[in-house]
Amino acid sequence: MRRRERARRANRTAALLAVVLGGAGVTHFLRPRGYDRIVPGSLPPRLTTLVSGAAELGIAAALTVPATRRAAGWAAALLFLAVFPANVKMAGDLLDSPRAGRAARLVSVLRLPLQAPLVGWAVRVGRHAPRP
């Protein structure tokens with residue numbers, strides 16, 4: 001019984017991560033300009049936005065399939081690490097902008113350390129997924 005409950009919890013955790021990534025992926029296509037602005041200068045903005053959105057959608061879909069969940073969890077962790085420079089750029093841009101409000105500046109800086117728990121969550125999903 002204990003093993004079954006752990007499996008249910010792991011499935012729910014993977015499903016929630018899939019919803020988070022899927023929702024973010026959809027917004028990359030519905031509102032790409034916001035993402036384009038935070039792409040580091042060395043990358044093409046729109047292409048990077050669309051590729052990262054597609055990656056989020058693909059990983060979200062793979063998280064829902066037990067046979068691909070392990071790889072998808074690790075891929076999500078790598079994706080969260082890969083987008084961290086964009087979050088740093090967004091925080092820097094807001095801190096430098098005289099038009100940015102105090103709340104926007106605060107949220108952009110406070111979300112930087114939240115990337116670590118996202119990476120940890122994705123690693124746990126990958127680590128605890130059933131072996132194919």
Do any side-chain atoms of residues 125-132 form donor-acceptor pairs under 3.5 angstrom with protein atoms, and if so which ones, sequence neighbours left out?
none

What pair of heavy atoms forms the shortest contact from [X] to [Y], and how long is it?
X	Y	value
L17	A122	CD2-CA, 3.9 Å
L110	L114	O-CG, 3.7 Å
A18	T64	CB-CG2, 4.0 Å
A76	L21	CB-CD1, 3.8 Å

Exercise. Does any N or O in the side chain of S97 come within less than 3.5 Å of the main-chain N or O of D93, such that one atom is a donor and the other an acceptor?
Worked result: no
For this session: Would you check if the side chain of R124 reaches a backbone N or O of G120 as a donor-acceptor pair within less than 3.5 Å?
Result: yes
Establish whether [X] and [Y] are linked, either directly or via other cluster members, by ILVMFWY side-chain heavy-atom contacts under 4.5 Å.
X	Y	value
I59	V26	no
V109	M90	no
W74	F80	yes

For this session: Tell me, yes or no, whether the heavy-atom count around R102 atom CZ, taken from other residues, nucleotides or ligands under 6.0 Å, exceeds 12.
Result: no
Problem set entry | Pairs satisfying salt bridge (Lys or Arg N to Asp or Glu O under 4.0 Å), at least one member in residues 22-43, at least two apart | D36-R46
For this session: For the pair V119 and F84, evaluate side chain to side chain contact (heavy atoms under 4.5 Å, CB included) and give the outcome as yes or no after the intermediate values.
Result: CA-CA 10 Å; V119 172; F84 187 70; over 6 Å; no
Exercise. Do E5 and R2 sit within salt-bridge range, that is, some charged N less than 4.0 Å from a carboxylate O?
Worked result: no
Problem set entry | ring-ring contact (aromatic ring centres under 6.0 Å, His included) partners of residues 8-41, not counting sequence neighbours, each pair once | H28-Y35
Exercise. Would you say Q115 and L118 make side-chain contact, with heavy atoms under 4.5 Å?
Worked result: yes
